[in-house]
Amino acid sequence: STFHSFLQQLPKCEHHMHLEGSLSPEVLFTLAKRNNITLPQDDPAFQSPETLLARYDRFTSLDDFLHYYYIGMSVLISDSDFEDLAMDYFRHAAADGVAHAEVFFDPQAHIERGISYNTVLTGFSAARARAQKEFGITSELICCFLRHLPVPNCVSMFKDADVQASFKNGSVTGIGLDSSEKPFPPALFEEIYAGAKELGLRRTAHAGEEGPSTFISDSLDILKVERIDHGIRLIEDDALLQKIAKDGTMLSVCPLSNVLLRCVKEVKEVPIRKFLDAGVKFSINSDDPAYFGGYILDNYCAVHEAFDLSVAEWTSICRAGIEGSWCSQARKDEML
Ligand code: HPA
Ligand code: ZN
């Protein structure tokens with residue numbers, strides 16, 4: 001329809017997608033074969049790409065998804081595997097009309113399997129350069145800490161020489177916090193976030209996806225984050241919602257993810273209208289597009305179907321996305 005092409009052409013900024021979440025079942029099986037990785041024999045979902053994709057429709061929770069997400073990424077071995085993975089994302093992003101993407105990656109999940117940080121970074125950096133050249137898409141990398149791992153493990157990754165080098169030479173722009181939320185409060189990561197602030201890194205954290213709204217306030221107060229990833233449970237605390245609106249803190253909302261992981265029953269339940277009415281800034285994002293049945297434009301379309309937003313509302317959502325991005329002012333001016 002014409003609205004679909006209007007949404008496609010908007011200068012979209014993506015602030016919440018995990019590069020490992022763009023691994024399709026097709027590519028997963030191809031890489032498993034090429035890299036001699038044995039997929040779980042005892043789970044019938046791993047019979048074929050088709051059975052795996054069908055299993056993704058029946059995720060019961062964030063942890064149920066993460067089980068498949070971590071098995072999936074175990075097929076990634078060489079820097080060119082990481083480059084190909086990221087190019088798969090950037091190709092979809094280009095087709096969907098993404099102008100600028102700030103993408104997460106999960107180095108600890110690879111380091112734990114014996115893949116070096118620099119292997120991952122080399123592959124992703126090559127893809128970023130190609131995406132800019134081939135599609136005109138600018139991007140930033142956000143290094144995530146896995147909150148289900150022991151805190152000392154996270155601290156030692158933060159202090160690792162290669163990781164510090166990537167922070168200081170600008171190849172990584174910011175840090176994030178992801179994986180299982182509920183038993184792992186933000187305060188556990190205070191030391192890492194203080195260190196990141198000291199280095200001048202940008203800071204965000206997943207909060208209020210499955211976890212309570214206090215994880216949102218603690219991420220702001222204790223971790224001093226500049227953005228909140230998901231944040232849909234903000235609606236449980238009206239005073240906090242008013243504060244976030246007043247401060248202009250951005251939420252990176254992921255509607256299809258919220259439905260697939262059963263944080264909400266349907267897209268209509270994502271508090272888009274409440275955020276618009278309260279003046280809370282947010283972007284709309286794909287999270288793990290190969291797992292949740294859609295890239296960014298599918299998320300825009302699903303939101304449009306659920307909320308019937310006006311042209312003016314869509315324009316202001318995209319403008320807020322540009323202004324809330326972590327690129328240079330010159331790049332923002334180009335997109336505006
Ligand atoms: N939440 C937490 N961790 C994640 C997610 C998510 O939506 N996607 C990939 N890792
Ligand atoms: Zn996420």
Side-chain angles (χ1 to χ4, degrees), residues 13-24 28 56 59-74 76 82 85-86 88-89 93 101-113 120 124 140-149 154 157 174-186 188-189 202-213 215-216 218-219 223 225 227-234 250-264 267 270 282-296 298-299 302:
C13 294
E14 182 143 59
H15 297 146
H16 186 156
M17 78 79 53
H18 304 259
L19 284 172
E20 294 90 343
S22 69
L23 181 69
S24 70
L28 192 161
Y56 294 173
F59 289 136
T60 55
S61 65
L62 173 58
D63 279 344
D64 183 40
F65 151 70
L66 289 169
H67 168 79
Y68 286 93
Y69 176 73
Y70 291 122
I71 293 171
M73 68 175 79
S74 73
L76 302 163
F82 290 95
L85 175 71
D88 207 329
Y89 165 68
E102 302 183 349
V103 296
F104 298 129
F105 68 120
D106 286 327
Q108 284 169 295
H110 309 301
I111 293 166
E112 294 235 315
R113 311 182 283 113
V120 181
F124 287 158
E140 305 288 346
L141 280 177
I142 303 171
C143 172
C144 284
F145 292 83
L146 298 181
R147 68 205 303 164
H148 73 276
L149 292 179
C154 298
M157 178 175 83
I175 66 164
L177 186 62
D178 63 0
S179 197
S180 300
E181 182 179 7
K182 270 189 284 195
F184 307 106
L188 291 169
F189 303 92
R202 310 311 298 254
R203 302 167 309 280
T204 188
H206 284 54
E209 177 185 17
E210 281 189 347
S213 61
F215 281 21
I216 300 174
D218 286 351
S219 297
L223 304 183
V225 299
R227 254 190 341 231
I228 292 286
D229 300 315
H230 291 298
I232 53 172
R233 290 189 61 186
L234 179 58
M250 289 260 309
L251 310 178
S252 66
V253 178
C254 307
L256 292 177
S257 166
N258 293 158
V259 173
L260 267 283
L261 299 188
R262 316 220 176 200
C263 299
V264 298
V267 175
V270 179
F282 63 88
S283 55
I284 295 169
N285 307 274
S286 65
D287 206 1
D288 300 284
Y291 290 86
F292 301 148
Y295 284 75
I296 192 171
D298 298 299
N299 280 273

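Whatever order the structure lists them in is the order used to number ligands and atoms, beginning at 1. Basis for what follows: all heavy atoms, side chains included, without hydrogens, waters or symmetry-related copies.
- Between the side chains of S61 and D63, no donor N or O sits under 3.5 Å from an acceptor N or O.
- In terms of N/O distances under 3.5 Å, ligand 1 is approached by D287.
- Restricting D287 to its N, O or S atoms, the one at the least distance from the Zn ion (ligand 2) is OD1.
- Set against the non-hydrogen atoms of E209, the atoms of ligand 1 under 4.0 Å away are 1 (N), 2 (C), 6 (C), 7 (O).
- Residue-ligand proximity: S179 is placed with a non-hydrogen atom under 4.0 Å from ligand 1.
- Near D288, with a cut-off below 4.0 Å to any heavy atom, the atoms of ligand 1 are 5 (C), 8 (N), 9 (C).
- Summary: NE2 is the N/O/S atom of H18 found nearest to the Zn ion (ligand 2).
- Donor-acceptor pairing under 3.5 Å is lacking for the side chains of S179 and Y69.
- Set against the non-hydrogen atoms of Y69, the atoms of ligand 1 under 4.0 Å away are 9 (C), 10 (N).
- At a 4.0 Å heavy-atom cut-off, ligand 1 does not touch E181 at all.
- Using a 4.0 Å cut-off between charged nitrogen and carboxylate oxygen, R233 and E181 do not count as a salt-bridge pair.
- Put simply, E209 stays out of reach of the Zn ion (ligand 2), with no N, O or S atom under 2.8 Å from it.
- Scanning all protein heavy atoms for the shortest distance to atom 10 (N) of ligand 1 gives H18 CE1, 3.6 Å.
- No side-chain N or O of S22 forms a donor-acceptor pair with one of D88 less than 3.5 Å apart.
- Because the distance cut-off is set at 2.8 Å, H206 qualifies as a neighbour of the Zn ion (ligand 2) through one of its N, O or S atoms.
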Residues Y68, F65; criterion ring-ring contact (aromatic ring centres under 6.0 Å, His included); working and verdict = CA-CA 5 Å; Y68 286 93; F65 151 70; 8.9 Å; no

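- Between F82 and F124, the angle of the ring planes goes over 60°, which puts this pair in the perpendicular group of the 30/60° scheme.
- Considering D229, I232, L261 as possible partners of E209, the one that fulfils the side-chain contact (heavy atoms from CB on, under 4.5 Å) test is L261.
- Under a 4.0 Å criterion applied to the non-hydrogen atoms of L66, ligand 1 contributes the atoms 4 (C), 10 (N).
- Ligand 1 lies less than 4.0 angstrom from a heavy atom belonging to H230.
- Classified by interplanar angle (parallel below 30°, tilted 30° to 60°, perpendicular above 60°), the ring pair F104/H18 is tilted.
- By the criterion of a heavy-atom distance under 4.0 Å, the side chain of L62, and not its backbone, is placed next to ligand 1.
- Residue contact check for ligand 1: D106 places no non-hydrogen atom closer than 4.0 Å to it.
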Between Y89 and E14, is a side-chain hydrogen bond (donor to acceptor under 3.5 Å, both in side chains) present by the stated rule, with each step listed?
-> CA-CA 11 Å; Y89 165 68; E14 182 143 59; 2.5 Å; yes

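- Counting only N and O atoms by type, the side chains of S252 and H16 include a donor and acceptor under 3.5 Å apart.
- Using the six-membered ring where Trp is involved, H148 and F184 have ring planes that are perpendicular, over 60° apart on the 30 and 60° scheme.
- With a heavy-atom cut-off of 4.0 Å, F65 touches ligand 1 through its side chain alone.
- Among the backbone and side-chain atoms of H230, no N/O/S atom is found under 2.8 Å from the Zn ion (ligand 2).
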